Student: 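What follows is a single structure, and I will ask about it in a moment.
Since the structure is predicted, the reported quantities are computational estimates derived from the model, not experimental observations.
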Amino acid sequence: GVMIRRSVVRPTRKGTGMSNDAREKARQIAAKQARNNPTKSNRRLLQLGVLAVVLVAVIIVGFVFINGQKQDIPKAGPVPASANEYGGIVITKDGIVKNASKQDQRDADKLGTSDTSITPSASGSATPETLPLGIEKAEEAKKNGKPVHVVIFQDFNCHHCRDFEQANYETIKKLVEDGSITVEYRNMIILDRGSPTQYSARTANAAYAVANQVSADKYLEFQKELFDRQGGGDLNNQQIADIAAKYGANISSDLNDNKWRPLVNVVNEESLNNGVHGTPAIYADGEQFPGPKSEDFPKWVQGKIDAKKQQ
């Protein structure tokens, strides 16, 4: 019986002893190596230290960059010469309408509310939609004797807006030039919800700066190029300024100062609060373009122009 008990115990003790011995031996070897080659272990520590410093620097730079793009934009800010009080850039056959705003400043805490409804559309929507601010009711617009008023809510990062622009750029330009329509662009920033660079807001800010300085033709070309550049990654401020310079505008300071960004935020919130749920949203004389395809727009808007001429 004793022999059995010892034979059970001995391997355990022997096993434990071996594992302790092995650990001790490993420690001694490591200590000896460190003593023999202190520079190697110091070099390793130094490398790790440098790596840590570099990582911290990268994190800080990234944080500063992203926050720089997202800078705290004041609630209130000026309305540029190129916009009306709704933040719309209006283009007639005589060019970009200047100094049309009844307010010098707009404030995100003082948004307007539309009390006008648009008749349910032919698409079968049962409830009347809110008509966005600054758009005349269809019944009144029909009789006002003015060119058809086209209002386009768009976002420079929106693919469907690009499709609409590319399909209708020439048509809109021609109809504006011959006095059939006036076109008003309101640039929204819905897609900035998912953008670390605030691309929609920065390009909307740029649009006001360009429209302040150049002809209607040059503004439309600038806008078209922004849409055409989609898919190549978000442009930085310098790249946007370089595009603007091609069309004769110097906008670097407006971009870097976020000069018109308070108004950009107002336009976005006010539009979302008043019947615009996505982009593009296109209206002509108080009626919304039902789509479904961008290519359907010329025929639809021509119908409005022809009907108005018969009034």
Student: Please go through V90's hydrophobic cluster and name the other residues, only I, L, V, M, F, W, Y counting, with side-chain heavy atoms under 4.5 Å joining them.
Tutor: V97
Student: For P298, what residues pass the side chain to side chain contact (heavy atoms under 4.5 Å, CB included) criterion, not counting sequence neighbours?
Tutor: N168, T171
Student: Only pairs at least two apart or in different chains count here, so list each salt bridge (Lys or Arg N to Asp or Glu O under 4.0 Å) that has a residue in residues 93-105.
Tutor: E85-K102
Student: Which residue pairs satisfy the ring-ring contact (aromatic ring centres under 6.0 Å, His included) criterion with at least one member in residues 133-155, sequence neighbours excluded?
Tutor: F153-Y283
Student: Residues two or more places apart in sequence or in another chain: which of them pass side chain to side chain contact (heavy atoms under 4.5 Å, CB included) with D109?
Tutor: K75, D107
Student: Run the salt-bridge test on E140 and K142 with the 4.0 Å N-O cut-off and return the result as yes or no.
Tutor: no
Student: Check ring-ring contact (aromatic ring centres under 6.0 Å, His included) between F156 and all other residues, then give those that pass, not counting sequence neighbours.
Tutor: F227
Student: Any idea which heavy atoms bring A108 and V266 closest together, and the distance?
Tutor: N-CG2, 3.6 Å
Student: Under a 3.5 Å distance rule, please check whether R202 uses its side chain to pair with a backbone N or O of T197 as donor and acceptor.
Tutor: yes
Student: Taking D228 first and then K224, would you say they form a salt bridge - that is, a charged N and a carboxylate O separated by under 4.0 Å?
Tutor: yes
Student: Taking ILVMFWY side chains as joined if any heavy atoms are under 4.5 angstrom apart, and letting links pass through other members, which residues group with Y86?
Tutor: L133
Student: Apply salt bridge (Lys or Arg N to Asp or Glu O under 4.0 Å) to R229 and list each qualifying residue two or more places apart in sequence or on a separate chain.
Tutor: E225
Student: Is a side-chain N or O of N256 found less than 3.5 angstrom from the main chain of S252, in a donor-acceptor match?
Tutor: yes
Student: Using side chain to side chain contact (heavy atoms under 4.5 Å, CB included) as the criterion, list what pairs up with A209, not counting sequence neighbours.
Tutor: I251, D254, W260
Student: Distance-only criterion, 3.5 Å: show the donor-acceptor pairs between side-chain atoms of residues 273-280 and protein atoms not counting sequence neighbours.
Tutor:
{"from": "N273", "atom 1": "ND2", "to": "E269", "atom 2": "O", "distance (Å)": "3.4"}
{"from": "N274", "atom 1": "OD1", "to": "S114", "atom 2": "N", "distance (Å)": "2.7"}
{"from": "N274", "atom 1": "ND2", "to": "G112", "atom 2": "O", "distance (Å)": "3.1"}
{"from": "N274", "atom 1": "ND2", "to": "E270", "atom 2": "O", "distance (Å)": "2.7"}
{"from": "H277", "atom 1": "NE2", "to": "E129", "atom 2": "OE1", "distance (Å)": "3.3"}
{"from": "H277", "atom 1": "NE2", "to": "E129", "atom 2": "OE2", "distance (Å)": "3.4"}

Student: Mind checking whether F289 and W300 have parallel, tilted or perpendicular rings, split at 30° and 60°?
Tutor: tilted
Student: Does R27 have any salt bridge (Lys or Arg N to Asp or Glu O under 4.0 Å) partners at least two apart in sequence or in another chain, and if so, which?
Tutor: E24
Student: Applying side chain to side chain contact (heavy atoms under 4.5 Å, CB included), name anything that partners K308, two or more places apart in sequence or on another chain.
Tutor: N144, V148, D285
